[in-house]
Amino acid sequence: MSAIALLFLVLGLGLIGWLTARVRATRFRAGSTARFSSLPSHHGWYVALWTVIPPLVFLVIWSMTAPALVTDAVLATPAAMQLPAPGFDRASILSEARSLAEGRSFGAFHGLAQTLAPAYAAAQSRYDWIASALALLLAFAGGAFAFTRVRPGFGARTQIERVVMLLLLGASLIAILTTVGIVASLLYESARFFSVVPIADFLFGTHWSPQVIDARDPGASLGAVPLFWGTFFIGAVIAMIVAIPFGLMSAIYLTQYAAPTTRKWMKPILEMLAGVPTVVYGYFAALTVAPAVRDVAVSIGISWASSESALAAGLVMGIMIIPFVSSMADDSIAAVPSSMRDGSLAMGATQSETIRRVLLPAALPGVVGGVLLAVSRAIGETMIVVMAASGVATLTLNPFASTTTVTKQIVDLLTGEAEFDSPKTLAAFALGLTLFVVTLLLNIVALRVVKRYREAYE
């Protein structure tokens, strides 16, 4: 039986269990004046969950163990005696035989795979029927057990709430476990990299050339300071020079000067920038902004200006994060008590003086938090720098020169043809770990600043 058919069959049994339990609960409630702890629907869901969850859990576990069982069954056949010793060739033959048996391919490079394909198909079919029988048995057993507990004094509602609580707990743990897995993988691969390249050479070296690595001293070519500088220069300097003034001024206009109708239309339009895919920003940077920046540089006498300059990538990145700065500044200014604004105006200050000397200083913690969040977003940006920035690692203060970033180099290192165990590829994980730590610290500082601000004015 196919997996889809089995899934629908189990769900159908769950629906039947829900209906029958609900009918039974409705009958013993009919004509009774007693107060019950559970509704008929609670009893129905209790039986349905006992009917559906056990077979689904079994099928998930079975899907992880069945391939090994099928392979062992195939290896026990006489045809498998011709297989070579365990290694790459043996695994390749078995993989081709499995693909043929499942209908995912119609030819094989190894002739022995054609011979083993029928054995794979037979073993797979046998174990599929075993899994189907066990799943249906669990569904019937779970449903029957739950149905026998449907009685007037049974607290089905409490049992359902416990199941829902466990599901919510599991959903909340997914993000935590995902973060733990990401950090663990980064730490493991970075430890392998630092076992080959000294951490001091990586963090403080000024020469980055992963294409040419000396096997005797790989750290000499993997100094990441130019990457850190390029990331900071593009994401935290140029982008912020664009994002902070425009984002802050737009927030001031929308909260203090704009009419309600204007604010109603302008704020959603401004925040639409945050929903534009970054690949669109990348195309805009590569095809429009970068040539325009180079033409301007040439017109003012900088003939050597690059079409993959830091300025082009930084400008578009700044446009992208304007909504982050504007939204946080807008909320911070709006959260300032109106009594402070009214008091300043009552003392004779103009509106601009009130904004400069009262509202902005009071909202400064929230604005700073928004800026830090925007910086962390800019530092981790990938598509814009991949499409608009250069791959040349340089230490320069010239915005018209070529430079690169950490995210750009991670993409280049992981899309090359180097071996996975080579220092060149493992350097991507060390860069990723460094970027993760930096953005994490920025987010922690920003959230602490925003939290302190909210405690002061809410």
Side-chain angles (χ1 to χ4, degrees), residues 1-74 76 98 101-102 120-181:
M1 184 181 298
S2 66
I4 300 298
L6 181 60
L7 177 62
F8 277 106
L9 184 56
V10 170
L11 294 178
L13 292 175
L15 178 61
I16 294 173
W18 185 86
L19 292 173
T20 55
R22 192 175 186 278
V23 170
R24 182 175 182 179
T26 303
R27 285 179 178 177
F28 65 65
R29 289 170 61 96
S32 176
T33 59
R35 298 187 63 181
F36 297 92
S37 62
S38 304
L39 296 174
S41 60
H42 293 141
H43 292 280
W45 280 112
Y46 178 75
V47 175
L49 291 176
W50 266 101
T51 305
V52 172
I53 291 180
L56 291 183
V57 173
F58 165 75
L59 291 175
V60 170
I61 298 174
W62 182 267
S63 65
M64 295 185 290
T65 58
L69 296 175
V70 172
T71 301
D72 291 340
V74 172
R98 184 184 296 109
E102 295 175 355
Y120 252 112
Q124 186 67 53
S125 177
R126 181 169 66 254
Y127 280 109
D128 284 347
W129 281 107
I130 292 174
S132 301
L134 292 176
L136 293 177
L137 180 62
L138 285 173
F140 280 112
F145 166 75
F147 189 77
T148 59
R149 303 189 69 184
V150 178
R151 59 178 67 94
F154 178 65
R157 175 182 176 181
T158 303
Q159 301 295 326
I160 295 298
E161 289 177 347
R162 288 178 180 176
V163 173
V164 172
M165 183 185 67
L166 290 175
L167 292 176
L168 294 176
L169 178 62
S172 63
L173 288 176
I174 290 176
I176 298 175
L177 294 177
T178 301
T179 304
V180 171

If you compare all heavy atoms of L59 against all heavy atoms of A135, which two are closest, and at what distance to 0.1 Å?
CD2-CB, 4.0 Å
Please work out whether the ring planes of W45 and W18 are parallel, tilted or perpendicular, with thresholds of 30° and 60°.
perpendicular
Could you tell me whether the side chain of L6 reaches within less than 4.5 Å of the side chain of D128, counting heavy atoms only?
no
Considering all heavy atoms of both residues, which atom of A48 and which atom of G14 are nearest to each other, and what is their separation?
CB-O, 3.5 Å
How many angstroms lie between CG in L11 and CD1 in I16, if you round to the nearest 0.5 Å?
11.5 Å
Rounded at 0.5 Å granularity, tell me how far CD1 in I174 sits from OG1 in T179.
11.5 Å
Is the F154 ring parallel, tilted or perpendicular to the H43 ring (thresholds 30°, 60°)?
tilted
Quick one: CG on L166 to CD1 on I53, what's the gap to the nearest 0.5 Å?
9.0 Å
Spacing of CG belonging to L49 relative to CG belonging to L56, to within rounding of 0.5 Å
10.5 Å
Where is the tightest heavy-atom contact between A139 and L13, given as atom of each residue plus distance?
CB-CD1, 3.9 Å
Report, as yes or no, whether the 6.0 Å neighbourhood of atom CZ on R157 holds more than 12 heavy atoms from other residues, nucleotides or ligands.
no
Less than 4.5 Å apart, side chain to side chain, heavy atoms only: is that true for L69 and W62?
yes
Min side-chain heavy-atom separation T51-V10 under 4.5 Å:
no
Worked verdict on S172 versus L169 for side-chain contact (heavy atoms from CB on, under 4.5 Å)
CA-CA 5 Å; S172 63; L169 178 62; 4.0 Å; yes
Sub-3.5 Å donor-acceptor pair from the side chain of T148 to the main-chain atoms of F145, do we have one?
yes
Value for CG (L173) from OG1 (T178), rounded to nearest 0.5 Å, stands at 10.0 Å
Any chance you could lay out the side-chain contact (heavy atoms from CB on, under 4.5 Å) test for L134 and I130, step after step, and finish with the verdict?
CA-CA 6 Å; L134 292 176; I130 292 174; 4.0 Å; yes
Minimum heavy-atom distance between L138 and F58, given as atom pair plus value:
CD1-CB, 3.5 Å
From CH2 (W50) to CZ (R149), nearest 0.5 Å:
8.0 Å
Please name the pair of heavy atoms, one in V47 and one in G143, separated by the smallest distance, quoted to 0.1 Å.
CG1-O, 4.0 Å
Over 12 foreign heavy atoms within 6.0 Å of CZ, F140:
no
Would you name the heavy atoms of S38 and A156 that are closest together and state the gap between them?
OG-N, 3.0 Å
